[in-house]
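The model shown is predicted, which means the values in this text are computed figures rather than measured ones. Chain A is the first sequence line, chain B the second, and so forth, proteins listed ahead of strands; every chain is numbered from 1.
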Number of protein chains: 2
Amino acid sequence: MNPLHLSNQLCFPFYAISKEIIKRYRPFLAPLNLTYPQYLVMLVLWEEDLVTLKSIGGRLQLDSGTLTPLVKKLIQTGYIEKTRNTEDERQLVIRLTERGRNLEEEAKEIPARINEVLGLNKEEYNKYKDMLDELAGKLEIKREDGYC
Amino acid sequence: MNPLHLSNQLCFPFYAISKEIIKRYRPFLAPLNLTYPQYLVMLVLWEEDLVTLKSIGGRLQLDSGTLTPLVKKLIQTGYIEKTRNTEDERQLVIRLTERGRNLEEEAKEIPARINEVLGLNKEEYNKYKDMLDELAGKLEIKREDGYC
DNA sequence: TAAAATTAAATTGTACACAACTTAAATATA
DNA sequence: TATATTTAAGTTGTGTACAATTTAATTTTA
């Protein structure tokens, strides 16, 4: 067994599957003018409006170098607004616009569509999901609110 | 159960875990002047020297838009060379340089080091690996030579 | 409380990813 | 065999990722 053989790598399938799934999101996200990372930010905001950039970064594992331009794009698209926390002017507070809030209704069907495209039944979905959550736990992926 | 909740997404853990593992490769790859995608190209070449760009792309799921600049970088670093296939001038043939071949010896220890950093025992490693290969199969991730 | 340390965003620079398109070579077909 | 089609790389443009640094606000501490 050659450890340097591509087929013996653990990371490569993560890398390949991640890219593949993101590609399959595109047909559903493009009509909403969203990329996959932008969609993730919107998921966070639909769960909890009025969050700091830092908090979004904590949940999605993205730093300000990635989020600053991404947030700028979402503001241009018209889905979010930014203000500063008056208590602590260092903090950027992100909130949904009316359009951003309304978008949730349109996005509601995406998870079901993606499951169709992936062709996994509920059992398979749960099996993979549980294993991923377990591994994320083992890797101690830092998260703010128990998300992984 | 809210399907739009971040914790109910199947793709997000793939995306997060993939990024996390790649980050953990960095301390081992940086001394070799390699990024993770560059390392993947070297893995392909250590398995089989003299391969076309197309073939590398098939195995790694990367297109010419990604590989052309990446190959340029590896040439600058001195690990590979490119020539054209005289039978078919469209095809770029990539080969290792002496330095690129010698690098394999240095890289041999990386998989073991990564396993240490990930903190997974052989059982866990195999469990995750099998499941990933299974899912890659279900998603019909196109590969050229049975790699996934 | 003034200086030092910490923190949150923003900025800079490098390196992917990939869609869409272009170019040139090879193959297929009318 | 000339034209059409296909194919492999390369190019262009947009959008992440992230390390490293900078800036400004807040907190700690001497």
Residues in side chain to side chain contact (heavy atoms under 4.5 Å, CB included) contact with A:Thr35, at least two apart in sequence or another chain
A:Pro37, A:Gln38

Qualifying salt bridge (charged side-chain N to carboxylate O under 4.0 Å, His left out) pairs, either residue in residues 107-120 of chain B, two or more places apart
B:Glu105-B:Lys108, B:Arg113-B:Glu116

Under 3.5 Å, which N/O atoms of the protein pair with N/O atoms of nucleotides 2-4 of chain D?
none

First and last nucleotide of DNA chain C, 5' to 3', lying under 4.0 Å from heavy atoms of chain B
C:dA15 to C:dA26

In the hydrophobic cluster built from side-chain contacts under 4.5 Å, what are the other members alongside A:Met1?
none

Evaluate whether atom CD of A:Gln76 has more than 12 neighbouring non-hydrogen atoms of other residues, nucleotides or ligands under 6.0 angstrom away.
yes

Applying salt bridge (charged side-chain N to carboxylate O under 4.0 Å, His left out), can you list everything that pairs with A:Glu124, at least two apart in sequence or on another chain?
B:Lys138

Counting primed atoms plus P, OP1 and OP2 as sugar-phosphate and everything else as base, spell out the protein contacts along nucleotides 7-17 of chain D at 4.0 Å heavy-atom distance: B, S or - for each nucleotide, 5' to 3'.
BSBBB---SSB

Partners meeting side chain to side chain donor-acceptor pair (under 3.5 Å) with B:Tyr15 (sequence neighbours left out)
none

So, using side chain to side chain donor-acceptor pair (under 3.5 Å) as the criterion, who are the partners of A:Asp49 when residues are at least two apart?
none

For B:Arg26, the side chain to side chain contact (heavy atoms under 4.5 Å, CB included) test, sequence neighbours excluded, returns none

Residues in side chain to side chain contact (heavy atoms under 4.5 Å, CB included) contact with B:Asn115, at least two apart in sequence or another chain:
B:Tyr125

Which residue pairs satisfy the salt bridge (charged side-chain N to carboxylate O under 4.0 Å, His left out) criterion with at least one member in residues 62-89 of chain A, sequence neighbours excluded?
A:Asp88-A:Arg90

